[in-house]
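Since the structure is predicted, the reported quantities are computational estimates derived from the model, not experimental observations. The first residue in the sequence is number 1, and the count goes up from there.
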Amino acid sequence: MTVTTRRTRGVPSPTSGPGQEGEGNDCPQATGDVVAGGDLGAAEDSTVAGSRVRRHGWRWVLAAAVAAGVAVLAHRHFLGFFSTFGLFGNGIDTVVYRHGAATILTSEPLYEFALFEAGLPFTYPPFAAIAFVPLALMPVSTALAVVNMSNLLLVYLAVLGSWRILGYRGVPTHVVSVGLAIAFTWLEPVRMTIWFGQINLLLLVLVLFDLGRPEGSRLRGIGVGIAAGLKLTPAFFVLYLLALRQWRAAALAAIAFIATVAAAFVVVPSDSWTYWTSTMIKAERIGLLASPANQSMHGILARLWTGGDPPMWAWLLCAGSIAALGLWTAALAYRHRWTLLSLTICGLSTPMVSPFAWGHHWVWCIPLAVLALDFAARRARWWGYLLSAALIGPMLAWYFTDYRGIAAIGIFMFEGPPWLRLLVQLAYPAVFLAVAVTTVIAHRTSKQSAGRRIDLKRSMPEEA
């Protein structure tokens, strides 16, 4: 895809990823409309002038429209929209959220109920149940419709927010975002979040729009704290902010999170005490630890460990190592002003270090897919397209239908000889590792390129 460029004076350079404008990059950038400094995608250093902003061209619009059309036809042909395994055919987690919220209104114990034959409990912090109260005031069918529509909107916002962090502006970017949002419903984490009626996309958008703003923006960090109050995993972004020495944002995130905990103690003190003293650490309440759908480090250990129950020290050691790797590579990316890549690495780290992470918890595949598409389109070389396909491919909604007529969705669910099962069950962690390694390589290449430019400049004769 071809792009055009335009310079603007006094506009911060857009934050980006490997191969984008910043250190060690000479690639052309697409142009876009200039937005006020506090908007998503503006660089942290507002003193940088002569930078470029981007606009999607007609080829992007056409490609996104084609991708959306193919996605809709694929949904209709394969699993449908409202059939049992169709895109909107389940919503079981929405029903659990609604029932949890109902206990707030009836004063029933929040963490003692179990719905349906699977015995599904409420597993989130009590603040989440309070936030879900509007669902309890609706009929089930209405609640399901509201959550489905909200999730579709959130996919669009996640795609749009990712493009804006990369510096894209203008009407074509909105059109491209709509098309890709539809196409991305064939990413397994996105599809299954919609199918289950989950809140993963809400958490993604809260963090993305919060930390995608320039450092020092007003109330930056609040979104992270609220997201962590709804579900604990986004609290990992507080460590990310500390690693970047963004003390103010980290403090605001912590304060917002503590406020959600305090609010829940005021409204449901007994349930709050139960959650923070016992329920929180019971990963088995979420699902079978050794399930192939558990795409966390804990799940990997459980599948490899005899008996499927690894000791706590083994998990903490591995999770700590993964956390260190994720934070280090995210900091490397941020140092190069690759803000979206930095956030994406941290977002992919959260399910890795979580005690339990279903495949649909990996919704940071949306910013990853945007990064991969942008990188491939601007590089326009075979290896760029191959790298992007290698990162996105494992997260597509691959599926097979077993002898019972049940659709097993996700590449990690595929069966076969032991070596094949081992490979596919490592799919999402392998993507995380590939992104981390690629970031380190990009960092080293950028440093070497910068060093060569400095040496070339020093070798040039001085002007008289």
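Taking 4.5 Å as the limit, every side-chain heavy atom of T233 sits out of range of all side-chain heavy atoms of H361.
The distance from atom CG of L211 to atom CG of L241, rounded to the nearest 0.5 Å, is 5.0 Å.
In this structure, F237 has its ring center under 6.0 Å from that of W364. No close placement of the W315 and W305 rings is indicated, their centers lying 6.0 Å or farther apart. Taking the six-membered ring for Trp and the full ring otherwise, the centers of F356 and H298 sit at least 6.0 Å from each other. Between Y124 and Y97, the distance separating the two ring centers is shorter than 6.0 angstrom. In this structure, H360 has its ring center closer than 6.0 angstrom to the ring center of F196. Taking the six-membered ring for Trp, F375 and W383 have ring centres closer than 6.0 Å.
Remark: the Y111 side chain and the S278 side chain contain no N/O donor-acceptor pair separated by less than 3.5 Å. In summary, the side chains of E188 and Y399 do not present any donor paired with an acceptor at a separation below 3.5 Å, with no hydrogens or angles considered.
Looking at F116, F113, F132 one by one, the single match for ring pair (Phe, Tyr, Trp, His ring centres under 6.0 Å) with H99 turns out to be F113.
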**Study point:** Steps toward side-chain hydrogen bond (donor to acceptor under 3.5 Å, both in side chains) verdict (Y240, S342)
**Key:** CA-CA 9 Å; Y240 167 76; S342 180; 2.7 Å; yes
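P189 approaches Y428 most closely through the heavy-atom pair CD-OH, 3.7 Å.
Not a single donor-acceptor pair under 3.5 Å links the side chain of S107 to the backbone N or O of T103.
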